[in-house]
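Encoded as structure tokens, the structure appears first; notes follow it.
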Amino acid sequence: MAERPVAQSGLLAQADGTADTVAAVVMARDEESNIVDCLDSLRWADKLCVILDSRTADRTEELSRQAGAEVREWLFVNFAEQRNAALRLFESDWIFFVDAAERGTPGLGPEVRRAIQDQSIAGWWVPRRNFIWGSWIRHAGWYPDYQLRLLRRGAARYDPARAVHELVILDGEEGYLENPLIHHNYATVAQFLRKQNRYADYDASMLVDQGIRLRLHSLVLQPLREF
């Protein structure tokens with residue numbers, strides 16, 4: 001495995017002597033039960049932002065504004081387009097993407113502050129601790145579960161062909177942070193099944209678009225490979 005660069009200590013100013021800024025952007029749809037706690041865990045950022053899925057039907061927007069976030073509603077096409085829209089809409093040197101079910105940890109903010117001053121890096125991978133039904137899942141590829149979430153605006157965009165499980169196209173070098181995000185994946189079995197069904201639909205659509213068709217032996221081999 002390649003050596004992972006760690007955020008350097010000390011602030012490196014821009015050419016005009018000012019430090020880079022970061023906006024924490026939360027992706028949200030019907031997240032009234034999560035949005036306040038999520039935003040509260042990100043108050044180290046220069047700006048709190050919410051990109052609101054146009055299908056939202058609860059109090060997510062109201063609660064976000066009460067928490068001091070800038071809110072932009074965007075017509076939902078797919079997840080890649082939502083993130084690309086956020087990169088265009090929110091003005092900051094850096095965008096830190098967070099899902100509403102995620103929380104920042106105490107050491108993450110200071111580390112991000114140091115990392116964004118490194119002018120040689122265009123994007124940072126963030127480790128993530130996933131909790132399913134209240135338990136931290138440490139094995140089977142669930143940890144450290146690095147996500148490329150801290151992006152320099154103008155040097156990153158999302159592949160429009162990847163509607164879900166989005167892929168970042170990065171114009172520059174990348175690094176790895178040490179402090180994690182906490183991800184509360186699923187609280188109930190019903191929530192787990194709903195989300196898996198939704199992702200399965202997106203994945204199937206992408207395969208159809210790519211001209212990939214089901215092979216019967218995959219019904220047996222793919223589950224074994226995953227296991």
Using a 4.5 Å cut-off on heavy atoms from C-beta on, say whether the side chain of [Y] contacts that of [X].
| X | Y | value |
| --- | --- | --- |
| Val26 | Asp99 | no |
| Val98 | Val25 | no |
| Arg149 | Phe96 | yes |
| Trp124 | Tyr176 | no |
| Ile95 | Val22 | no |
| Thr105 | Leu181 | no |
| Ile51 | Leu89 | yes |
| Ile182 | His184 | yes |

Treating [X] as the side-chain partner and [Y] as the backbone partner, does any N or O pair qualify as donor plus acceptor under 3.5 Å?
| X | Y | result |
| --- | --- | --- |
| Thr56 | Leu52 | no |
| Arg153 | Leu87 | yes |
| Arg65 | Gly68 | no |
| Ser92 | Thr21 | yes |
| Glu111 | Asn179 | yes |
| Asp30 | Ala57 | yes |
| Arg113 | Trp44 | yes |

Evaluation steps, side-chain contact (heavy atoms from CB on, under 4.5 Å), between Leu170 and Leu151: CA-CA 8 Å; Leu170 199 63; Leu151 307 175; 4.2 Å; yes
Locate the shortest heavy-atom distance separating [X] from [Y]; write the atom from each residue and the value.
| X | Y | answer |
| --- | --- | --- |
| Ala69 | Leu39 | CB-CD1, 4.1 Å |
| Asp159 | Ala80 | O-CB, 3.6 Å |
| Arg103 | Ala101 | NH1-C, 3.5 Å |
| Ser41 | Gly104 | OG-N, 2.9 Å |
| Thr60 | Ala28 | CG2-CB, 3.9 Å |
| Gly172 | Ala122 | CA-CB, 3.9 Å |

Is there a side chain to side chain donor-acceptor pair (under 3.5 Å) between Gln117 and Asp20 once you walk through the steps? CA-CA 6 Å; Gln117 307 309 323; Asp20 276 3; 5.4 Å; no
With a sphere of 6.0 Å drawn around CD of Glu91, does it hold more than 12 non-hydrogen atoms of other residues, nucleotides or ligands? no
Flag yes if Val126 and Phe131 sit in one hydrophobic cluster, no otherwise; membership is Ile, Leu, Val, Met, Phe, Trp, Tyr, and two members link when side-chain heavy atoms are under 4.5 Å apart. no
State which residues pass ring pair (Phe, Tyr, Trp, His ring centres under 6.0 Å) with Trp142; sequence neighbours excluded, sorted by chain then number. none
If you round to the nearest 0.5 Å, how far is [atom2] of [Y] from [atom1] of [X]?
| X | Y | atom1 | atom2 | answer |
| --- | --- | --- | --- | --- |
| Leu148 | Glu174 | CG | CD | 6.5 Å |
| Lys47 | Leu42 | NZ | CG | 14.5 Å |
| Asp53 | Glu31 | CG | CD | 10.0 Å |

Sorted by chain and number, sequence neighbours left out, side-chain hydrogen bond (donor to acceptor under 3.5 Å, both in side chains) with Arg157 holds for Asp171
Filter on salt bridge (charged side-chain N to carboxylate O under 4.0 Å, His left out), then keep only pairs touching residues 124-143, sequence neighbours left out; what's left? Glu102-Arg128, Arg128-Asp145
State, without any angle test, whether Gln147 and Trp125 hold a side-chain donor-acceptor pair at a distance under 3.5 Å. no
Does the ring centre of Tyr143 sit less than 6.0 Å away from the ring centre of Trp136? yes
Does the ring centre of Tyr158 sit less than 6.0 Å away from the ring centre of Phe97? yes
For a side-chain contact (heavy atoms from CB on, under 4.5 Å) check, start with the C-alpha distance between Ser54 and Glu73, then their side-chain angles and the critical distance, and finish with the verdict. CA-CA 6 Å; Ser54 59; Glu73 181 176 324; 3.8 Å; yes
With a 4.0 Å cut-off, would you call Glu62 and Arg59 a salt bridge? yes
Glu70 bridged to Arg72 by N-O distance under 4.0 Å: yes
Let's go through Trp74 and Glu81 carefully: what are the C-alpha distance in whole Å and the side-chain angles of both, what is the deciding distance for side-chain contact (heavy atoms from CB on, under 4.5 Å) to 0.1 Å, and is it a yes or a no? CA-CA 9 Å; Trp74 196 256; Glu81 171 55 25; 3.3 Å; yes
